[in-house]
Structure formats: C-alpha cells, structure tokens
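What follows is a single structure, written as structure tokens, with notes after it.
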2 protein chains.
Amino acid sequence: MSATDKAEAKPPMRDALVAAAFRLFTERGYEQTTVDDIVTLAGVGRRSFFRYFPSKDDVVFPDHERCLADMTAFLGASGPEHEPVRRVCDAARLVLLMYAENPSFSVQRYRLTKQVPGLRAYELSVVWRYERALAEYLRGRFAGGRDGNLRADVIAAAVVAAHNNALRSWLRSDGQGEATATVDHALGYVQAAFGSPPAPSADERRVEPGNPPRGAAERPEDVVVIVSRRGAPLWRVVQEIETTLGRD
Amino acid sequence: MSATDKAEAKPPMRDALVAAAFRLFTERGYEQTTVDDIVTLAGVGRRSFFRYFPSKDDVVFPDHERCLADMTAFLGASGPEHEPVRRVCDAARLVLLMYAENPSFSVQRYRLTKQVPGLRAYELSVVWRYERALAEYLRGRFAGGRDGNLRADVIAAAVVAAHNNALRSWLRSDGQGEATATVDHALGYVQAAFGSPPAPSADERRVEPGNPPRGAAERPEDVVVIVSRRGAPLWRVVQEIETTLGRD
DNA sequence: CGACGTCATGGCACTCGGTTCCCTCCGCGC
DNA sequence: GCGCGGAGGGAACCGAGTGCCATGACGTCG
C-alpha cells in the first residue's frame, strides 16, 4: 500500500462491481439483471453501486469517461502546427486504443450493446460527446474560415462514423486481426475527402508545377472548390459562386 | 363526426396530452413535471398516457415516427436513376420539412432538448435511426463498390451532421428566415465533398450563358464548384478535384 | 489514551417511470 | 334482450435512482 495507493489503484470495489455485472449480464441478460443482483453478487451495499456508477448503464462503459478526458487533453495540447483533420483522426485513434487494450471485454460489451436498445441509446450519448469534442476543436481551428462551423460538424461526424465503422468491423471479428490497420484505412478515406494530404510521401511528383508541400502546413481553406455540373445553367453557377464566396 | 373521424383525426386525446405536456414542460421544466401531472392536467388516466406514448420522452417527439416512416418510404421508392448522395440529401430535407411545418413547436422543443440531458440522449437515438436509414440505403447503392459500407456510413453521417447544423442554426433564430436555403447550402457542402457527377450527358463544355431561372426547378446539385484560392499549391487543387469527383 | 472529524460504506425509505392485471363503460351485431 | 370487443381507467407492482442517517475505520489533536 505504498506507491499504487494514491496514484492509481483506487477502487478494488469498482472493479468488483464491473466484474459481477458483466458476469450476470452475459449469463442472464442486461434487463433481466437488477442492480440488487449485482450488488449481492459483489457483496456490497446497493447504495455503493450508485456511488461508483451514476446509473446502471455506466457500468457497461466504465472507462469512457477517462478516455474522453484523454481526448480533450490531447486536443487541448494541439498547436497550430498540427493539420486539423489529421489531428482529429489521431484523437479518434485514442478511442480505438482503449478498445484494443481489452479486446475480450470490448467484444463482450459490443454483443451486449448490439442487442439491448437501452444500451445502444446510452452508447450514442457517449459517442456524441466524443464527436462534440472533435467538433469543438475543429471549430476553433476553422474559426473565421468560410462555413467554419459547418465544416467542423461535418468532418467530426465523418471521422466518428469512419472510426466506428472500422471499430465495429473489428469487434464483429471477435477482436481478431489488427484493428489499427482497419481504422487507418477508414480514417484515410475521410482525410482524403476533407483533409490535407496525410503524409506528403512520394506521390505528388507530377502535380507540382512549382510549390512542393513544404511544411504540410497548407490548410484546406486554401482551396475552395466550385465545380459546375455539365449543362448547368450559368445563373446557377453564378449563384453558387456568390454564396460560396459569401456576402456576409 | 363524419368525415374526419376515420380518415385523419384519430386521437383528440393524444394531442391533448402533447399540449398539456408542453404547457407543463415550459412552465416548470421537464424533469419537474411528472407523468401524473400531465394526465391530471389533460384529465385522462395515467394508463392512457402510456397507451399513446411508450415513454415520457416520446411525448416530446410526437411525429418523428411518422417522419421516419416517410423517409424509409422515400428511399425505398428510389430507382437506379437517382444519384445516391443527392437522394439521401433529399431524404434529409424531409426532416427539415417536418420541423418547418410547425416552427413554434419546433423551437419550443429545441429549447427543451438543449437543456435537458435526458431529452438530448433520446433525440440522439431518434437521429441515429434516421442516419441508419440513410446508411442502409447507401449501402445498397454502393454494394460491390470499393469500401461501400464505409462510404455509406461516412456519407450518411456527414449528411445528418450538415442537416442538423443548418437545422439548429434555424432553430436558434427562433424559426425566422428561410430554413431551406440554409439546409441547401449545408447539404451542398456535403455533396461537393462526396457526390459523384451525375450521368455524363453529352454536352460538357459550355454552360449556356444568359439563362434566366425558367422553371426555378434547378437544384443546387446541378452545380458543384471547385475554386482555387490564389497561391494555393496545384497539388491541393488536383487532390481536391480528385476526391470531389471520386475515384471508385 | 480518548475525543473528535472525516470518509467510505451500508441500510432504509421515498419518488417516479413503466408494466401488469383487471375492471368499467360504450357501442356494436345477434 | 344478450353477448362482445375495444377504448379508457384504476390499483398494485417492479426497478432505477436519490436523500438521509447510522456505523465503523482511520487519522489527528488534545
């Protein structure tokens, strides 16, 4: 009881509750398990359960609060040298990392949330908070730019969707295989759609009439794009250009 | 009690419950209002409340179920002639339409959900179902393509995020102004990022100049634009064009 | 050593959302 | 008349979540 006391290993009881809860959840189902069942199995008082978990749902996601804090810290520690889209992609990878830390637990939880509507709803609110954190960061980075808030919201949503797509596919395979590769590919798709080039590797040889991507510090705002569909009437083109360039 | 009975006005009681509920919610707050308060004000039995609304939350979103059914019907009635991304954007407009049908009610609800975490969570699950509907449709359209499921999920999320961004900005302005213009612009952004150019009709080079909005039937999708800011590196322009046009 | 404050825990009672079961009432066809 | 089915109401019940207080361990101070 010397080093691990104050620094890390706070609650043996909390872990006992999580273990007891998951045993019962997998045995007889989530809704068929009452909080009283959990606390009697764990051998603690009912009141103590709600001291550690504000609701019965929270015991299913015991470490998301910490992960969310990590993500906000990660984003808060960003500087202007970081390309924004790439930065939120990296932030999303933190979540995957948490899942990958404990594959069997994550797979168990995935099966649970997949078939219990209440848990799915709760998970949505958790995911929403991640998305909000990403969007808030992007809003700061895009501030002043055209459609900054819109871009921030859309990109955050796209990053979360891509991450979850890859995460779920990894979870469906029982945590086999390399999760990072899948998620890298998914996030790469989003970066290709919204971001600056991921890593200016050796590909840009031909498209370089003068300026190489020197610091990769170019912003997406540098390029605003207006493509006219073939056959579109000119007044539509003009209108779109006007709104794109903005008059506010 | 002749014509409106079976065809339309089914539940006077349901509407009375919604009205009573919103009166109390706005007067004393959502969590401070019990279901018993609502039913006594509406003058009906407690049991009847849960006959019409499966939960207390549902009374806040009385017409989303119908709107979701409309959306799935709309998507189900799609054909191969519809460009997928544009189609889901149009589907999203259905939701905006529902909000715009009853601006004052929508604004009231917006203020409510903004400050009651439980309602926000419930709204997330509603939005999630819309997003799933869009994603399912896109999965069908993208089936067989490279990264079909990933693209479907990401685009659905982006469309929903853009729609909600515009919707919220309209709701924040107390329902003043034209909602459709805002949402068109937001969805246009997503289409610019993800939409593929529609069927390559023959004429491509020239946009007919001097065309007045004849039928005003042109949609924003007709024009997608790519403008390079001066000084932007060419590789950025090319990249942006490539991702906009899509390479799958 | 004993009094005291603090903190984690347990126990109890209560509120409220949601469900189950059963009853009444009303209109319908036989 | 009778039965019958569906809409509504009422009472009891369950379980999640909260507030309040007692208890017991531990450390500190007198």
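Each chain gets a letter, A, B and so on, in the order the sequences are listed, and its residues count up from 1.
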Discussion item. Would you say that more than 12 heavy atoms from the other residues, nucleotides or ligands in this model lie under 6.0 Å from the CZ of Arg23(A), or not?
Written reply: no

Practice prompt. Can you see which heavy atom on Ala91(B) is nearest to which on Leu134(B), and at what distance?
Written response: CB-CD2, 3.8 Å

Practice prompt. To the nearest Å, give me how far apart CZ (Phe53(B)) and C1' (dT19(C)) are.
Written response: 18 Å

Worksheet item: Less than 4.5 Å apart, any side-chain heavy atom of Ile38(A) and any of Phe25(A)?
Response: yes

Under 3.5 Å, which protein N or O atoms sit close to an N or O of nucleotides 6-9 of chain C? Give each pair with its distance.
| from | atom 1 | to | atom 2 | distance (Å) |
| --- | --- | --- | --- | --- |
| dT9(C) | OP1 | Tyr52(A) | OH | 3.4 |
| dT9(C) | OP2 | Tyr52(A) | OH | 2.8 |

Each nucleotide N or O in nucleotides 13-15 of chain C that has a protein N or O under 3.5 Å away: list the pair and distance.
none

Discussion item. Can you measure Gln32(A) atom CD to dC14(D) atom C1' for me and round it to whole angstrom units?
Written reply: 13 Å

Item to complete: Starting at atom CG of Leu17(B), determine the distance to atom P of dG17(C), rounded to an integer number of angstrom.
Response: 14 Å

Discussion item. Between P on dG17(C) and CG on Asp57(B), what's the gap in Å once rounded to a whole number?
Written reply: 10 Å

Fill in: Arg146(B) to Tyr189(A) six-membered ring, cation-pi geometry met (6.0 Å, 45°)
no

Response to the item:
note: Glu31(A), atom CD; dA16(D), atom P; distance rounded to Å ~ 10 Å

Worksheet item: Does NZ or CZ of Arg109(B) come closer than 6.0 Å to the centre of the six-membered ring of Tyr99(B), within 45° of the ring's axis?
Response: yes

Practice prompt. Test the Lys56(B)-Tyr30(B) pair against the cation-pi criterion, namely NZ or CZ under 6.0 angstrom from the six-membered ring centroid and within 45° of the ring axis.
Written response: yes

Item to complete: Send over the distance from Tyr122(A) OH to dG17(D) C1', rounded to a whole Å.
Response: 14 Å

Worksheet item: Contacts to DNA chain C from residues 110-121 of chain A, heavy-atom cutoff under 4.0 Å, which residues?
Response: none

Worksheet item: When rounded to the nearest 0.5 angstrom, what is the spacing between CG in Leu24(A) and CG in Leu41(A)?
Response: 5.0 Å

Worksheet, complete the sentence: Result for 5'-nearest mapping on DNA chain D, choosing between Asp36(A) and Arg47(A), is Asp36(A)

Worksheet item: Can you name the closest pair of heavy atoms from Ala42(A) and Leu17(A) and give their distance?
Response: CB-CD2, 3.8 Å

Fill in: Arg129(A) vs Glu65(A), salt bridge (charged side-chain N to carboxylate O under 4.0 Å, His left out): CA-CA, chis, key distance, verdict
CA-CA 10 Å; Arg129(A) 296 175 62 193; Glu65(A) 213 62 39; 2.8 Å; yes

Worksheet item: CZ of Phe49(B) versus P of dC16(C): gap in Å, rounded?
Response: 15 Å

Worksheet item: To the nearest Å, how far apart are Phe50(B) CZ and dA11(D) P?
Response: 16 Å

Worksheet item: Is a salt bridge present between Asp90(B) and Arg87(B), judged by a nitrogen-to-oxygen distance below 4.0 Å?
Response: no

Worksheet, complete the sentence: Looking only at heavy atoms, the pair that brings Phe49(A) and Ser55(A) closest together is CE2-O, 4.1 Å

